[in-house]
Number of protein chains: 2
Amino acid sequence: MSDSVPDIVIGRLPLYLRALARLEQDGVPITSSHELGAQLGISSAQIRKDLSHFGEFGKQGTGYQVPYLREQLARILCVDRDWTVAVIGAGHLGRALAGYKGFGPRGFHVDVIFDNDPDIIGTQIGGLVVKPGESMVEELRARRIEIAMIAVPAAAAQSVTDRVVAGGVRAILNYAPIRLVVPDYVHVQDIDPVIHLQHMTYYLRT
Amino acid sequence: MSDSVPDIVIGRLPLYLRALARLEQDGVPITSSHELGAQLGISSAQIRKDLSHFGEFGKQGTGYQVPYLREQLARILCVDRDWTVAVIGAGHLGRALAGYKGFGPRGFHVDVIFDNDPDIIGTQIGGLVVKPGESMVEELRARRIEIAMIAVPAAAAQSVTDRVVAGGVRAILNYAPIRLVVPDYVHVQDIDPVIHLQHMTYYLRT
DNA sequence: GTCAATCTGTGATAGAATGCACAAACGATT
DNA sequence: AATCGTTTGTGCATTCTATCACAGATTGAC
């Protein structure tokens, strides 16, 4: 076990965690790799093999205790604690992110939001006062921000990224439609809905 | 060429298209698989092989004509035309999607938005009047909507999906944190920022 | 015209991910 | 205690993916 687990496996763990949280909420005490797989559209063998990278969590003949496996996955993914998040950019997207109710319950707390527009700086968004971009590095450090969500235009994204990294952030959720250049120790995940749309339109031919 | 191209290859084409659009805007007339790869963090060989599934678009010794390759990729992905989109759910997320300026220029036009809340129905969002959920199937058909973006709570997502499919939609961008069950001919792409965040937190273990 | 430098497209190869299938283990039932 | 149905964890085979490396084509310099 635990000998540099493939990134593609890590990417599936949050899906397992989400399904388990759902089962737990529904009061299901025990599940199986088959049930999980059916719910996620993933083969049961794959789920068992993925989990085996980290240990043995089930019982033969029975399956998995839902709360126990959820706890273990949360521990593995390091989401058995809270994380501090900054939103960069207070346009439509930034405001939606700052106001999104789905982050808090899953342990991600938006503590601060930045923008460069003088008309927006100082206004309130979801209980947060918009801070000026110039104060970003100090603010990020002072508040011990660990994750940044970048919601600025493509043209500004790289320079904003450089400052976010200077502020000590090591994980970036990037909504800008460009590839960000970051040091090796910084992780980036990209979200661009248009990319997903174009992926689907390929199959809509005819 | 064209003998059932792997889906993973299709998924990269929008990235190539995005990079080419950027180069074209910057007035770069010619590029190479090396330059594209450097910009995207993908090996040049991979780009050449991906493109080779669809034909020969470059010239040896020279590279690729940016406008020509962009056109060809747009044609392959079927984004050399416009698409009609519906947003389902007029909460924070639905409103952000309906107001997002990044869809139109890339050929995706939000024509209608639905919600079930009587207080929201009839209000205006980004120039659109919110329609009631009951009228969904007829409205989707009447407007020939091709793509739906689902931005409703998890509990409502599956029943909404069933109606969207009944309305003739064959592609769904799903923001709800559950796996949607759809007929084979319907395509689904999921977006859940929390999944991406949890993917990164794994690596933030110190 | 010749040569060096460059770049594409692709066959071959190495590598990674997935699915299969079974031994071992467990609980329920008789 | 014996049996049956179920489920895990895993070695193995298969399939899928990515990379290597080179022939052939093109350009530009001299």
Side-chain angles (χ1 to χ4, degrees), chain A residues 1-16 19-20 23 28-73 76 179 199 202-203, chain B residues 1-17 19-20 23 28-73 76 179 199 202:
Chain A
M1 75 181 247
S2 91
D3 160 55
S4 187
V5 181
D7 182 67
I8 195 164
V9 173
I10 305 303
R12 279 190 294 263
L13 298 186
L15 298 174
Y16 303 161
L20 286 164
L23 288 172
V28 179
I30 288 175
T31 188
S32 67
S33 59
H34 281 274
E35 186 178 23
L36 276 174
Q39 196 167 120
L40 292 167
I42 293 176
S43 81
S44 60
Q46 176 125 83
I47 293 175
R48 294 198 301 277
K49 182 149 285 189
D50 284 352
L51 294 178
S52 77
H53 283 101
F54 302 96
E56 307 194 353
F57 305 106
K59 201 189 254 183
Q60 291 174 337
T62 308
Y64 301 94
Q65 303 251 356
V66 171
Y68 174 70
L69 184 55
R70 188 196 50 69
E71 272 173 30
Q72 292 302 308
L73 279 178
I76 291 165
R179 178 182 171 78
H199 188 155
Y202 173 82
Y203 296 103
Chain B
M1 73 181 243
S2 92
D3 161 54
S4 188
V5 181
D7 182 68
I8 195 161
V9 173
I10 305 303
R12 280 190 293 263
L13 299 186
L15 297 174
Y16 303 161
L17 182 58
L20 285 163
L23 287 172
V28 179
I30 287 175
T31 188
S32 67
S33 59
H34 277 96
E35 187 179 22
L36 277 175
Q39 197 168 121
L40 292 166
I42 292 175
S43 80
S44 60
Q46 176 130 83
I47 292 175
R48 293 199 300 277
K49 181 144 283 189
D50 284 351
L51 295 177
S52 76
H53 284 100
F54 302 96
E56 308 192 353
F57 305 105
K59 199 189 258 183
Q60 293 173 336
T62 308
Y64 302 94
Q65 303 251 355
V66 171
Y68 175 71
L69 184 54
R70 188 195 51 71
E71 272 172 28
Q72 292 302 307
L73 278 178
I76 291 166
R179 180 183 169 78
H199 188 155
Y202 172 83

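Chain identifiers are assigned alphabetically (A, B, ...) following the order of the sequence lines, protein sequences preceding nucleic acid strands; residue numbering begins at 1 within each chain. The shown structure was predicted, so the numbers you read here are calculated from the model rather than taken from an experiment.
Tested against V5(B), the residues D50(B), L13(B), I76(B), I10(B) include a single side chain to side chain contact (heavy atoms under 4.5 Å, CB included) partner, I10(B).
The shortest distance between side-chain heavy atoms of F57(A) and L73(A) does not fall below 4.5 Å.
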**OP:** Go through L23(A) and Q39(A) one step at a time and tell me if the side-chain contact (heavy atoms from CB on, under 4.5 Å) criterion holds.
**Re:** CA-CA 10 Å; L23(A) 288 172; Q39(A) 196 167 120; 3.8 Å; yes
Subject >> I42(A) vs L36(A), side-chain contact (heavy atoms from CB on, under 4.5 Å): CA-CA, chis, key distance, verdict >> reply: CA-CA 8 Å; I42(A) 293 176; L36(A) 276 174; over 6 Å; no
Original post:
Between Y16(A) and L69(A), is a side-chain contact (heavy atoms from CB on, under 4.5 Å) present by the stated rule, with each step listed?
Top reply: CA-CA 9 Å; Y16(A) 303 161; L69(A) 184 55; over 6 Å; no
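In this structure, L36(A) places its CG atom 18 Å from P of dT6(D), rounding to the nearest Å. Between the C1' atom of dT10(D) and the CZ atom of F54(A) lies a distance of 16 Å, rounded to the nearest Å. Atom C1' of nucleotide dG9(D) and atom CD of Q72(A) are separated by 17 Å, given to the nearest angstrom. Regarding Q65(A), its CD atom lies at a distance of 14 Å from the C1' atom of dT8(D), rounded to whole Å. In this structure, the NE2 atom of H34(A) is 16 Å from the P atom of dG5(D), given to the nearest Å.
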Original post:
With the sugar-phosphate defined as primed atoms, P, OP1 and OP2, and the base as all remaining atoms, what B/S/- string results for nucleotides 10-19 of chain C, 5' to 3', for protein heavy atoms under 4.0 Å?
Top reply: BBB----SSB
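Side-chain N/O atoms of K59(B) include none lying less than 4.0 angstrom from OP1 or OP2 on dT6(C). OP1 or OP2 of dG9(C) has at least one side-chain nitrogen or oxygen of Y64(B) nearer than 4.0 Å.
Contact annotation: side chain of Q60(A) to base of dT7(D), donor-acceptor pair absent below 3.5 Å.
Among the atoms of the strands shown, only primed sugar atoms or phosphate atoms (P, OP1, OP2) are found under 4.0 Å from some heavy atom of S33(A).
More than 12 heavy atoms of other residues, nucleotides or ligands shown are found within 6.0 angstrom of CD on Q46(B).
Closest approach to the T62(B) side chain among dG9(C), dT27(D), dT8(D) is made by dT27(D) (side chain taken as heavy atoms from C-beta onward).
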